[in-house]
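Here's the structure, in structure tokens; my notes come after.
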Amino acid sequence: IMQSLFAHVAKSLFTSKAVLIVLRRTMATSVVDKETILTPLRLAVQEQGDVVRKLKDEAKPQLEIQQAVQELKKRKKLLENKEKDLTSSEDKFDRPALEDLVKRRFFYGPSFSIYGGIAGLYDFGPMGCAMKANFLS
């Protein structure tokens, strides 16, 4: 969903087809590279989670369960740290920057700034109406 939203916004913002192709390729390769690194770690976490569930279902001694849970926590922490390492500063979502861009391109805007009156209501601009219609269809 996020990639399709990004693609739609990018189409609206960038008219050059070459820019879109570069953006898609960059996103695709970075996602594939991250997934090849993270998949084994995710499988290890899932495998250890299955071990913990099996031990609990079989009513094994509490010490065995605690050891398995500690191993599961270690694997989860390793996965979280690796995800943080792979997430560059460019990949982080900057909400204020996106909101500013959307307002400047008039995807939407506060109604009171256009017509005066009550604050808290918003109007879609031409690009916002087109994006809404595209989402609904």
Side-chain angles (χ1 to χ4, degrees):
I1 294 174
M2 197 63 180
Q3 284 184 341
S4 63
L5 173 64
F6 177 76
H8 184 72
V9 171
K11 284 180 187 176
S12 303
L13 299 178
F14 305 111
T15 55
S16 170
K17 205 170 196 177
V19 172
L20 288 174
I21 291 170
V22 169
L23 285 173
R24 284 186 187 145
R25 285 183 184 163
T26 303
M27 286 177 59
T29 56
S30 65
V31 169
V32 170
D33 293 341
K34 288 178 187 177
E35 289 304 313
T36 56
I37 294 170
L38 294 176
T39 299
L41 296 173
R42 288 182 180 138
L43 289 174
V45 168
Q46 184 178 6
E47 178 183 296
Q48 189 64 26
D50 292 341
V51 168
V52 169
R53 276 189 230 71
K54 183 178 177 185
L55 289 174
K56 287 181 178 181
D57 288 343
E58 295 175 355
K60 295 288 182 174
Q62 192 65 27
L63 183 61
E64 280 185 52
I65 295 173
Q66 287 176 350
Q67 289 173 345
V69 168
Q70 288 299 324
E71 179 63 28
L72 177 61
K73 287 181 180 180
K74 286 180 191 175
R75 291 182 184 190
K76 282 184 177 182
K77 188 67 174 174
L78 180 66
L79 176 62
E80 288 175 10
N81 290 339
K82 194 55 138 174
E83 285 175 339
K84 284 181 184 178
D85 291 343
L86 292 175
T87 304
S88 67
S89 61
E90 296 172 2
D91 291 345
K92 293 183 181 169
F93 181 70
D94 188 10
R95 184 180 178 132
L98 179 64
E99 287 177 0
D100 182 48
L101 178 69
V102 168
K103 286 178 185 176
R104 278 186 295 141
R105 302 287 178 141
F106 196 52
F107 276 83
Y108 74 93
S111 297
F112 68 89
S113 69
I114 301 170
Y115 307 110
I118 300 173
L121 302 174
Y122 289 87
D123 283 332
F124 288 109
M127 294 178 106
C129 288
M131 187 170 67
K132 180 182 173 186
N134 196 6
F135 282 151
L136 294 176
S137 68

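Atoms considered below: every heavy atom in the structure, side chains included; atoms not considered: hydrogens, waters and symmetry mates.
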| task | For the pair Glu35 and Arg42, find out whether any cationic side-chain nitrogen is under 4.0 Å from an anionic carboxylate oxygen. | result | yes
| request: Enter the distance from Lys56:NZ to Ile65:CD1 here, rounded to the nearest 0.5 Å. | output: 7.0 Å
| Glu58 side, atom CD; Arg53 side, atom CZ - distance, nearest 0.5 Å | 13.5 Å
| query | Taking 4.0 angstrom as the limit, do Asp50 and Lys54 come out as a salt bridge? | reply | no
| field | Atom of Leu55, atom of Ala68 and distance for their closest heavy-atom approach | value | CD1-CB, 3.6 Å
| query | How would you list, by chain and number, every residue that makes a salt bridge (Lys or Arg N to Asp or Glu O under 4.0 Å) with Glu71, sequence neighbours excluded? | reply | Arg75
| Cluster link Tyr122 to Phe135, ILVMFWY, side chain under 4.5 Å | yes
| said: Return the CZ to CG distance between Arg105 and Asp100, rounded to the nearest 0.5 Å. | reply: 10.5 Å
| task | Supply the atom-to-atom distance Glu99 CD to Tyr108 OH, rounded to the nearest 0.5 angstrom. | result | 4.5 Å
| query | With sequence neighbours excluded, what pairs up with Ser137 under the side chain to side chain contact (heavy atoms under 4.5 Å, CB included) test? | reply | Asn134
| said: Quick one, Thr39 with Leu43, criterion side-chain contact (heavy atoms from CB on, under 4.5 Å). Give me CA distance, side-chain angles, the key distance, then yes/no. | reply: CA-CA 6 Å; Thr39 299; Leu43 289 174; 4.1 Å; yes
| note | Rounding to 0.5 Å, atoms CD (Gln48) and CD (Gln70) come to a distance of 11.0 Å
| request: Scan Leu86, Asp85, Leu79 and name whichever one has a side-chain contact (heavy atoms from CB on, under 4.5 Å) with Glu83. | output: Leu79
| remark: Separation between CG (Leu41) and CD (Gln46), nearest 0.5 Å, reads 13.0 Å
